[in-house]
Amino acid sequence: MSRNSVTMESTSTAGSAGDPNLAVLWESLVCLVKPASETGEVRNLRTALQTNLKKAASVLGFEDPHRIPHWGGEHECGSDFIWDFVETAVFLLSSVKNVVKDDDLSVSQKKTVSSCLQFIVSLGILPNILPGVTHTTSADGAMLELLSELDTTLVQKYERLCIAVKALLSFCDSSNFRPLIITNVIHYLLGALIQLSYAPVKKPTQDTCNNLSDQGFTMTFEFWERLQSDKQHFRALLNQLIRETYQPKIMLELMPGGVAALIRATFDTSPDTGSDWKKTDTLAKIITSPVNHLASIGTQLLKLINAASHEHCDMLPIAVACICQLLEKDPISCHKFIIDPLLEPLAHVFSNRNNLFDNGHTLIPEEKIDSLVKQIHACFAMSTSKVSSGRLPGSILAPFVSFFFKLFCKLHGSVSVLFKYTESIMNYILCDSNQQVLRKILKCILLEEEEDDMFTFPRKFGFSFGSSGGVYLQVISESPKDMFSSVVEDHGDIFMILLEKRTDVDLSISVFEVLLQMLVERGMKPKTPDRSSTTLGTVEDTLEALMLSSEKHLGIVRLLAALVENANVKQKLSENPGPVLTFIGTLFDSVLEGISSMVLEEDEDLECLFVAFMILNVILDRCDGDSDWSVFGNLLKPVSVIKDRSKNEELKRLASRAFLVMSTCGAAQDAAPCGQGTNKKTKCAEALHDACDPLLPVRGHALVQLTKLLQLRDRETLSKKEAVFCLFKENLNNCDSYIYLAAINGIVAFAAIQPDDVVNVLTREYIEISSAGDSCPRDPELRMKVGEILVKLVRELGAMAPKYKNELLNAFLAGSKDTDNLMRASSLSNLGEVCEILGFRVGPILRELLLCIQSIVKFDKAVEPRRASVMVVTHLLRGLDASALNVLQDAVLELYRSLKFVYSNDEDDVVRLHAQLALEELASIAKEFLFPKLPMEKKIQIL
């Protein structure tokens, strides 16, 4: 047979279309490719192939499969059952091709032919192709393991490869077989043709021969000339196959970087998506048209995006446009092949939030975070001019918004290049979200509340700066719960910085409306948790639950007060006040429905009402005679009721002014001015001025600003420290919780400036509210807040704390006699933390302290104080550490017996747990005292 021939003569066994020999051919073909699992007669691949080959030959009437007509001679191709299998498959398909009419195969017959083609590739091409020319699947790998046992020469491999390629090309002439080859084995056929057409072969010289000792092969001039002739022949066949095959299919199969090559070919040079935006959209549709190759397309697009994250890439807009096209055509596949691999590091973080890791374990290294942020910025937040599908929807990133917000908080104020990328991503997520999604986002990042379809960032994970200027994510040790250090307030400050950097006001208005709606739903005052639901929790958990609601409530009020002061927000509110007035009306109605008497008492939490009237007056100030005053009609009645029933003079004045302006349609506007000075002032002067403002939220914000200025050691503020300290002390008498807590935190800020005055003021305040008991005008949550702030003061004093131990311990011991059981528990919990800080420096009051604890454990009827009192012992022992036995002396035995009695007889599980912890601490101290660790070191002195 001529080696240039790519067809085979009709066999003698084949007849016409109605010839019964056609049925024999199909039966033999089915026997040849029948899976071993269906026969149940074989145990391995070798036996399966041999069995199928014998059955197929028997159906054809051949006792020996080797007697079936072969394309290649035994001398050229060798002889083994593997090659007999390939030749039999080629013989059968050639015979069927010559007999069967065009487009006359059933579904099952096409399946049989496809299996036979795959066998020709696996046994005839893959064993004989050079490594790296084409890739192999796991199924190919199993076949190659069997073929590795064969012993064939280089010439035999070449001959077999030529015959397999020619056979497949001859089958392409059939309309029945061509679609099956293009769909299933075109990749391997192209790879084999490329090797036969372009594989380099060294030309032999007169003096030396190119010996390949491992195969015993010697290159001759005759064989080299044949190879050159074959190259020309196969090169022509390759070009013909490429011309006659669907070009996008060839592009995907022939070029690993087919997408990039197509982009370069379309635009000649670097694409200009600004002027060629129509061409960009069209090209994106063309690239994404082969839906059967989304995996290959997705891999190439991800490579382009990854390249763009490290250096400038002109093809990035087209890559993003392609992803958008895929997302629109097939969202499931787009997520599977592109979006999910892109966001895999984020999914990894949140999928491991409940796993146990050692402190310091790195979750995402520095380089990966750098690449991740830049890739996400390229796909989501980078503008691409006029391209219709330029950016992916922000809803894809919304579930991971807490990750980017925490990263933004960490990078704020740094010089990291990632800051601008993170800021753009946060802005895009927020701006691309509707109010329903924005509401979930704000709850997630500001209040740290669990929301559907949102991942809350775990507290045990944290970002740290790396050695290369970036950040990495690691597991951190959870810091002690510090309930006076408001996370809500800190997050709110960072969020306001993010909003203030934007020039447009649409996002600020949307945030404003969502926050107002959240405030309306939460009601006028923070919700107090049900105590019965916390009976099994620790004292700290109970206190945290009591105050967390208040922090969130005040955080929302504070954000609203800051937003309403923005000039752009004011302007927007005056242009379209309808939605905001609806929320305000709902808030007023909820307040009136909750009034139990005919009068609004002064000790009610009125922050919501003050903010509502502040917003309302801002809107009224910008209305004139031509404005539509009908939108205020529904507010007249509730404002009138609040004006008449409120005992709070400030609230009454605000309500009276609003009612007067609304009822006169602005005619009384000049009679009730609410303007502010326009002269520029320093931050300190402005804060001192606002501290005397009639509006309560403005005064509270001024106190917060003064506190921050003290923490920053502002020179002007420090020069006026006496006036500022006096201002804070005066506001301790304010009945409003927002003002009161701001004043308390301001006084704590003076701890490093004049600690004597701070300790005296705070301990006196704590003793007064504790001694007052039920008659105290403060809510229990606020009274406990003062105690927590005292503990914070002790931490900040550090080594100076023992100087004020008498004042501090007396204050908390006084609090342990409060009539409210939670107040007693809070005082004891604070007492334990202070004792742990003071350690052995507690001094002679230690005996009195232990006596107080024993009395509470024995006689207090409430479970919360008893839990806290036992916990004080644990804190005390931790503070005393190794010196506990020397300090306690003969009191150790009595303390041990008391703890054992509590552990054995108390009915409360939590009390027993605290007693067990105290006993373990005491046992550890005793063990260290009796069996001290010997230093395993040796000192060497050189004379």
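On a predicted model such as this, the values are computed, not experimentally measured, just so you know.
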If we only count heavy atoms from C-beta on, is the Leu498 to Met426 side-chain gap below 4.5 Å? yes
Looking at residues at least two apart in the chain, or sitting in another chain, which of them share a side-chain hydrogen bond (donor to acceptor under 3.5 Å, both in side chains) with Asn760? none
Heavy atoms only: give me the nearest Val857-Ser869 pair and the separation to one decimal. CG2-OG, 3.1 Å
Heavy-atom donor-acceptor pair, Ser826 side chain to Leu822 backbone, under 3.5 Å: no
Show the nearest heavy-atom pair for residues Pro865 and Ile856, with the distance to one decimal. O-CG2, 3.8 Å
Please name all residues satisfying side-chain contact (heavy atoms from CB on, under 4.5 Å) with Thr874, sequence neighbours left out, ordered by chain then number. Arg878, Leu917, Ala918
Determine whether Glu448 and Phe457 satisfy the following criterion, side-chain contact (heavy atoms from CB on, under 4.5 Å), listing intermediate values before the conclusion. CA-CA 8 Å; Glu448 293 189 343; Phe457 196 80; over 6 Å; no
Could you walk me through whether Arg459 and Phe461 pass the side-chain contact (heavy atoms from CB on, under 4.5 Å) check? CA-CA 5 Å; Arg459 292 187 177 181; Phe461 295 168; over 6 Å; no
Pairing residues for Phe403 by the ring-ring contact (aromatic ring centres under 6.0 Å, His included) criterion, not counting sequence neighbours: Phe463
If you draw a 6.0 Å radius around NZ in Lys683, do more than 12 non-hydrogen atoms from other residues or ligands fall strictly inside? no
Residues forming a side-chain hydrogen bond (donor to acceptor under 3.5 Å, both in side chains) with Glu451, sequence neighbours excluded: none
Note, Leu616 side chain near Leu654 side chain (heavy atom, < 4.5 Å): no
So, using side-chain hydrogen bond (donor to acceptor under 3.5 Å, both in side chains) as the criterion, who are the partners of Lys708 when residues are at least two apart? Asp493
Would Glu450 and Lys440 count as a salt bridge (charged side-chain N to carboxylate O under 4.0 Å, His left out) here? Give the steps. CA-CA 9 Å; Glu450 297 284 347; Lys440 292 183 178 180; over 6 Å; no
Return the minimal non-hydrogen interatomic distance between Gln711 and Ala749, and the atom names on each side. CG-CB, 4.3 Å
Counting N and O atoms only, with roles assigned by atom type, does the side chain of His914 sit under 3.5 Å from a partner on the main chain of Ala868, one being a donor and the other an acceptor? no
Could you list the residues that satisfy side-chain contact (heavy atoms from CB on, under 4.5 Å) with Ser719, not counting sequence neighbours? Glu716
Go through the structure and list residues passing side-chain contact (heavy atoms from CB on, under 4.5 Å) with Ala562, not counting sequence neighbours. Met496
Sidechain-backbone polar pair: Ser829 side chain, Ala825 backbone, donor-acceptor under 3.5 Å: no
All heavy atoms of Val759 vs all of Thr763, minimum pair found to be O-OG1, 2.6 Å
The criterion is ring-ring contact (aromatic ring centres under 6.0 Å, His included); which residues satisfy it with Phe725, sequence neighbours excluded? Phe750
Any residue meeting side-chain hydrogen bond (donor to acceptor under 3.5 Å, both in side chains) with Glu686, in chain and number order, not counting sequence neighbours: none
Phe512: partners by ring-ring contact (aromatic ring centres under 6.0 Å, His included), with sequence neighbours left out: none
Ile494 versus Cys409, closest heavy-atom pair with distance: CG2-SG, 3.7 Å
Results of ring-ring contact (aromatic ring centres under 6.0 Å, His included) for Phe419 - residues two or more places apart only: Phe408
Who pairs with Thr717 by side-chain contact (heavy atoms from CB on, under 4.5 Å), at least two apart in sequence or on another chain? Cys684, Leu709, Leu710, Asp714, Val724
Heavy-atom side-chain proximity of Val511 to Phe495 below 4.5 angstrom: yes
Go through Glu449 and Met454 one step at a time and tell me if the side-chain contact (heavy atoms from CB on, under 4.5 Å) criterion holds. CA-CA 10 Å; Glu449 293 182 353; Met454 292 284 171; over 6 Å; no
